[in-house]
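Below is one structure, written out as C-alpha cells, with a few remarks after it.
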2 protein chains.
Amino acid sequence: MTKPGAGARRVTLRDVGALAGVDPSIASRVLGGEMNRVTEGTRERIFEAAKELGWRPHAAARSLRKGTTSMLAVIVPSLYNPAYSGMMKGVQLAAAAEDHVVVFSEGTAGEGTRELERLSEYVDGIIWASSQADGHDEALPASVAPTILLNRQGFPGLPAVVGPDAEGARMAARHLISLGHTRLGVLTGPTSIDTATRRLDAFLSEARLYGAQVVWQASVELDIDAAQQAAAAMVALPRSERPTAVFAAALSASFGLINAARQAGLEVPADLSVVGLDDAEVAEIISPPLTTVRMPHVAMGMEAVRNVLRLIRGEDLPPTIEVTSPSPELIVRGSTSNNLDRTVER
Amino acid sequence: MTKPGAGARRVTLRDVGALAGVDPSIASRVLGGEMNRVTEGTRERIFEAAKELGWRPHAAARSLRKGTTSMLAVIVPSLYNPAYSGMMKGVQLAAAAEDHVVVFSEGTAGEGTRELERLSEYVDGIIWASSQADGHDEALPASVAPTILLNRQGFPGLPAVVGPDAEGARMAARHLISLGHTRLGVLTGPTSIDTATRRLDAFLSEARLYGAQVVWQASVELDIDAAQQAAAAMVALPRSERPTAVFAAALSASFGLINAARQAGLEVPADLSVVGLDDAEVAEIISPPLTTVRMPHVAMGMEAVRNVLRLIRGEDLPPTIEVTSPSPELIVRGSTSNNLDRTVER
DNA sequence: TTGTACGCGTTATCAT
DNA sequence: ATGATAACGCGTACAA
C-alpha cells in the first residue's frame, strides 16, 4: 500500500505483466477484455496482479494508440437551463451505458463553431443542442468531430435528433379547445429556430382543423423577460380582443406569460388559460402549477448519443431523426380551465 | 481545402514542419508558445503552415507526453440543480480562463469514490461538490487525482472551498428580526453536511444575540418533498406555537416550506415570512417571489478551480478556504413582511 | 538557431 | 498461447 501523493510512479502494463510473469502485450489483451487466445490461468494471474498493483488504464495513452477518446461533448445554450435537464440526463445515461464520458459546454452566442473546434481536440463526437446551431451564422470548419444536432435542425450537413414537436403542439391545441376555448393565442421561440416554427405550424393547423381562431401570436427569444414583455402587450388588450387561452411553446414563454398576466391583474387560469410545452420541476412549484405537454427529453438525449456514435463509426444517418416514443404527454396542473366566457356571458 | 469526412488524415507537426521547411520539433516549440530560440522568419512560416494545413494540437498525444490533460472534473449531486447553477458558471469561467476543459458528472449516491476513480483517468483534478463528500461513508482510494471539496468540508485530507455560510445565516436572522419577528423557525439541510450545521449554528446564535426565540427547527434532505413534509408538521401547529418567520437554509427548503404553507391555507408572507439562502432564477418566478440571501456562488466556483490547480502543482493548501467576497447579499422580494402579530393583537 | 533521438503507455500486427 | 516490435503525435534533453 503506497502512500499516494509521494513518489508514486504510475502503474503501467509493464508492471502488471512483470508481476504476472507475462509480456505487457498479453496483459493489455486480457485487461482490454479479450477472452480468447489466453489460458485461464494467465488470465487470473493478470487480473490479480492488476488489482494488487492498482492498475488503471491510462486514457491518454489509449487514445493516442486507438485514435479515439471515449469522450463525447454536448453544447447547450446555457448550462443549467431547466428546459435541458431531461435531455442532459438522457445524454449522461446513454453515454455511461456506452462507456463514454461527457464534457459539457456552454455554447455562448456567436462562438458556436469556435467551441466545436476547441472541443474536437478532446472528444470523438459532439452533440450540439445550442440555439446557435441554426446554420445562419457561419459554415462548419473542416477540423470538427462528428456532430449531431439535438432538438434543432437545419445546420447544413448535420443530422438532427428532434422531438415530436408537431404532435406536442397539437395536443396543446386540442387541450385548450376541449376546454371550450375558441379564441386562442400562441407564443413561440424565435422563428429562426425550426423547433419553434414546427410547433407554431402544427398548433395553427390543428386550431384551424377544429375551427378555433388564433387571435394573437408572437415569437420571442428564449428567455423569460422577452416573453413577459411580448405577453404584456397582449394582456393589455381589451377583453374582447384577447385570447382566452394561450399556448406557450417553451418553458420560458410559459413563465413570462404567467408573470405578465399576474402583473396585469389577470388570474390564471380564470381569466387566461396557459398551456406550456416541456416540463421541469420548476413547473410544479410555481403558482398556478403549469399545465404542460411533457416531451420525451430523456429519450431524445439518449437517441442523440446513440446516433452520434453511429456517425463516429462512419454509418450514414438520415438528415432528421424524430423521437416519437414515449409520446408527448399532457400534464394537467393548474394553469388551464374551462372557458368561462362561454358559460358566463356577461 | 480538403473534404472533411473523407480520407482526411490527421495533420501532424510533421506535416507542418515539412511545409515550413523545418524540423517538427521546431514547429512544436513555436506552436507550443516558445518565444526565444527561433528566428522571426521561421516563426512566421510555421504559423502560416499550421494555419494553412489547419493543424490542431492532438490532446491525447500531448497528454501522454506531458502527463497532464488540461481537463478538470466537477461532481455535483444532481445535474441541473439550480442551486449549483452559479457555482458551475464560476467553474466554467475560471477553467476557460486557465485553458482547461470541464467534465461534469453526477455524483450518484453511494458511488462517490467510484466516480472519483473513474474520472481520475481523464482529468488532472477534481472539484467535488457532491453531498456524498461527507467523509462518513468510505475512504479515499489511492489512485485519485488531486481533489478539492466545494461548498462542503469534512472529508478527511481534502481541502475545501466554502462560502460565507455563517454570515449569510446571520443576515437572514437579522432581516427577520428587523421585521419585528420574535418567534423564529429554521429549516436546514442534513446535519451530516457541515454546510448545513454552519448555517444553523450561526442563525441560532444570532437569534439569541438579539433576544429572539427559535421555536421550531428541523433538518431534512436536500429535496423539495422532504422539506415540504417537515414543514407540513409545523404549519399544522396552532398559531400561538408556530414561528411567524422561518429561515429556510437552502433553495429546496424554501420551496418546500412555501408549498406546505400554501397547502395549509397560510399566506406567505402575511401568515408566515420565509427567507431563503442561495438564489436562482426560479426564486424570482415563484409566488411570492422568494426573499433570500444570495451567496457568492460564482466566486466560489472560480476559487475552487484556482485552488485545485494549485493542488495539482503540488502547492500546500489550508484545509478550508472561505470565499468572503463578494459578501452575501440580502435580496428582498415578496416572501417576508413585518410581523403582523405584534401590531394587530387578536 | 536548428536538428536528432527518445519515450510517454497502450495496443495491433506479426512472429514464435 | 505467448512474445517481440512498432507506432500513435508530441515535447524535450541534448547534440550540432
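On a predicted model such as this, the values are computed, not experimentally measured, just so you know. Labels below follow one simple rule: chain letters A, B, ... track the order of the sequence lines, proteins then strands, and each chain is numbered from 1.
With sequence neighbours excluded, no residue satisfies salt bridge (Lys or Arg N to Asp or Glu O under 4.0 Å) with B:Glu44.
B:Ser63 comes within 4.0 angstrom of nothing in the nucleic acid, heavy atoms only.
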Exercise answer: donor-acceptor pairs, residues 12-19 of chain A side-chain atoms, under 3.5 Å, sequence neighbours excluded:
residue: A:Thr12; atom: OG1; partner: A:Arg14; partner atom: N; Å: 3.0
residue: A:Asp15; atom: OD1; partner: A:Arg9; partner atom: NH2; Å: 3.3
residue: A:Asp15; atom: OD2; partner: A:Arg9; partner atom: NH2; Å: 3.3
residue: A:Asp15; atom: OD2; partner: A:Thr12; partner atom: N; Å: 2.8

Between side-chain atoms of residues 313-324 of chain A and protein atoms elsewhere (two or more places apart, or another chain), which donor-acceptor pairs fall under 3.5 Å?
residue: A:Arg313; atom: NH1; partner: A:Glu315; partner atom: OE2; Å: 2.9
residue: A:Thr320; atom: OG1; partner: A:Gln153; partner atom: NE2; Å: 2.7

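Side-chain atoms of A:Thr195 come within 3.5 Å of backbone N or O of A:Asn151 as a donor-acceptor pair. Formation of a donor-acceptor pair under 3.5 Å by the B:Ser63 side chain with backbone atoms of B:Ala59 is found in this model.
When all heavy atoms of A:Ala145 and A:Val123 are compared, the pair lying nearest together is CB-O, 3.9 Å. Between B:Ser70 and B:Asp124, the shortest heavy-atom contact is N-OD2, 2.9 Å.
A salt bridge between A:Arg118 and A:Glu121 is absent, with no side-chain N of the basic residue lying under 4.0 Å from a carboxylate O of the acidic one.
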(Q) Using a 4.0 Å heavy-atom cut-off to protein, can you give one letter per nucleotide of nucleotides 3-10 of chain D, 5' to 3': B if the base is in contact, S if only the sugar-phosphate is, - if neither? (A) BB-BBBBB

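In the helix from C:dT1-D:dA16 to C:dT16-D:dA1, the rotation axis of the first five pairs and that of the last five pairs differ in direction by 40°, rounded to 10 degrees.
The nucleotide range of DNA chain C contacted by chain B, defined by atoms under 4.0 angstrom from heavy atoms of the protein and reported 5' to 3', is C:dT1 to C:dG9.
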Q) Run the side chain to side chain donor-acceptor pair (under 3.5 Å) check on B:Ser25 and B:Ser28 step by step: do they pass? A) CA-CA 5 Å; B:Ser25 69; B:Ser28 171; over 6 Å; no

Q: May I have the step-by-step check of salt bridge (Lys or Arg N to Asp or Glu O under 4.0 Å) for A:Arg306 and A:Glu303, ending in yes or no?
A: CA-CA 5 Å; A:Arg306 283 192 289 261; A:Glu303 193 65 13; 2.8 Å; yes

